[in-house]
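Notes follow the structure.
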Amino acid sequence: VRFVVNVVRVKSYVIIISETDSHVRNYMTFLYFIEVIMMKNQEKRLIFYDFEVFEEDFLVVFIEYATRKRMVIVNDREKLIKFYQKAKDFIFVGFNSRNYDSTIFKAIILGLNPHRVSVDLIEKGKKPYQVLPKEHKNIQLYNYDVSDGFRSLKQLEAFMGDSIEESSVPFDIKRKLTQEEIEETI
């Protein structure tokens with residue numbers, strides 16, 4: 001297997017990727033996709049997002065690419081639904097979002113317990129279609145997953161020379177998070 005390393009600058013971000021040739025083609029398609037979106041300006045905006053789920057809490061951070069506007073939602077399903085209704089035509093971008101974040105997003109919208117869904121996905125190894133009811137297909141969600149399926153986000157951050165900071169808050173905590181723990185996780 002031949003590995004290729006690409007260093008690409010998209011706006012102010014430098015993205016380094018080391019992939020097999022086929023993954024590089026997929027990655028280059030993604031970059032073309034971003035350029036088309038940027039050229040069309042506001043037609044399809046990008047929102048980067050990440051969910052964190054605990055036994056009694058869920059947190060999500062959304063960052064709109066064009067404006068760098070940040071929205072944090074903690075345990076507020078109604079606020080999440082209102083945000084989704086305003087942004088459902090945007091493209092949501094995340095790491096491993098196809099298998100996790102988009103599923104948690106839809107589960108909360110549908111009124112499911114996000115912790116149970118998270119346990120099914122992570123601990124039981126179920127696929128999103130095995131966890132969500134058929135009604136999830138009625139929820140429009142344009143999702144782009146930037147993970148390659150081979151490396152963790154921490155590995156990619158290390159390749160880019162980023163400082164990797166782990167949260168000290170355990171995901172298996174059996175109580176509501178304190179405000180301090182929420183802040184640390186965000």
Side-chain angles (χ1 to χ4, degrees), residues 6-17 19 23-24 26-54 57-110 114 118 128 136 138-148 151-167 169 177 179-186:
N6 282 311
V7 178
V8 181
R9 181 172 289 279
V10 178
K11 293 272 184 180
S12 64
Y13 293 98
V14 174
I15 302 169
I16 300 173
I17 190 159
E19 298 293 342
H23 286 348
V24 168
N26 289 342
Y27 176 70
M28 298 311 285
T29 301
F30 173 65
L31 290 179
Y32 171 74
F33 180 66
I34 286 180
E35 288 301 320
V36 167
I37 290 167
M38 287 180 189
M39 285 187 302
K40 291 187 175 190
N41 227 349
Q42 298 299 322
E43 256 182 63
K44 288 284 184 194
R45 295 190 297 194
L46 298 176
I47 296 179
F48 289 79
Y49 75 121
D50 186 35
F51 275 88
E52 301 298 345
V53 176
F54 297 87
D57 298 279
F58 78 85
L59 306 88
V60 60
V61 176
F62 296 103
I63 300 174
E64 187 176 347
Y65 180 77
T67 64
R68 303 298 192 267
K69 185 176 178 186
R70 183 176 187 232
M71 157 113 23
V72 177
I73 299 174
V74 179
N75 298 329
D76 192 338
R77 179 174 176 256
E78 293 309 312
K79 187 173 181 181
L80 182 70
I81 290 170
K82 285 179 187 173
F83 177 79
Y84 165 77
Q85 290 169 340
K86 290 179 186 174
K88 69 181 177 182
D89 290 326
F90 295 5
I91 297 167
F92 291 85
V93 181
F95 192 90
N96 192 30
S97 57
R98 179 179 347 130
N99 292 317
Y100 187 78
D101 299 274
S102 64
T103 306
I104 296 298
F105 200 172
K106 287 183 173 187
I108 294 169
I109 290 171
L110 290 169
S118 183
H136 84 89
N138 298 329
I139 299 173
Q140 171 183 299
L141 187 62
Y142 299 119
N143 182 70
Y144 190 87
D145 189 338
V146 296
S147 65
D148 64 7
R151 285 172 204 71
S152 73
L153 183 57
K154 289 181 185 28
Q155 284 178 305
L156 295 175
E157 288 171 332
F159 292 156
M160 293 188 303
D162 287 348
S163 172
I164 301 170
E165 296 178 25
E166 289 278 333
S167 169
V169 182
L177 298 179
Q179 188 60 39
E180 186 178 278
E181 290 167 333
I182 290 170
E183 292 300 322
E184 181 182 335
T185 303
I186 293 172

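No experiment lies behind these values; they were computed from the predicted model shown.
Under the 4.5 Å side-chain criterion, counting only non-hydrogen atoms from C-beta, Tyr84 is in contact with Ile139. The side-chain heavy atoms of Leu80 and Phe51, taken from C-beta on, include a pair separated by under 4.5 Å. Within the 4.5 Å cutoff, the side chain of Tyr49 has heavy atoms near those of the Asn143 side chain. The shortest distance between side-chain heavy atoms of Phe105 and Val60 does not fall below 4.5 Å. When side chains are defined from C-beta on, Phe58 counts as touching Asn75, because their heavy atoms get closer than 4.5 Å.
Distance check: Leu141 CG to Asp89 CG gives 11.0 Å after rounding to the nearest 0.5 Å. Atom CD of Gln85 and atom CD1 of Ile109 lie 8.5 Å apart (nearest 0.5 Å). Here CG of Leu46 is found 12.5 Å from CD1 of Ile63. Values are rounded to the nearest 0.5 Å. We find the CD1-CD distance between Ile73 and Glu78 to be 11.0 Å, quoted to the nearest 0.5 Å. With rounding to the nearest 0.5 angstrom, the NZ atom of Lys82 is 12.0 Å from the CZ atom of Arg77. Rounded to the nearest 0.5 angstrom, Asp50 CG and Ile186 CD1 are separated by 11.5 Å.
In this structure, Ile104 and Pro114 approach most closely via the heavy-atom pair CD1-O, 3.7 Å. In plain terms, the two heavy atoms of Phe83 and Met71 that are nearest each other are CD1-CE, 4.0 Å.
Between the side chains of Ser97 and Tyr144, not a single donor N or O lies within less than 3.5 Å of an accepting N or O.
With hydrogens and angles disregarded, no donor-acceptor distance shorter than 3.5 Å links the side chain of Asp145 to the backbone of Phe95. Listed for the Arg70 side chain is no donor-acceptor partner under 3.5 Å among the backbone atoms of Val61. In this structure, Glu64 contributes its side chain and Arg45 its backbone to no donor-acceptor pair below 3.5 Å. Asp57 contributes a side-chain N or O that, together with a main-chain N or O of Leu177, makes up a donor-acceptor pair within less than 3.5 Å.
The cationic group of Arg98 does not satisfy the cation-pi geometry with Tyr100, failing either the under 6.0 Å distance to the six-membered ring centre or the 45° limit from the ring axis.
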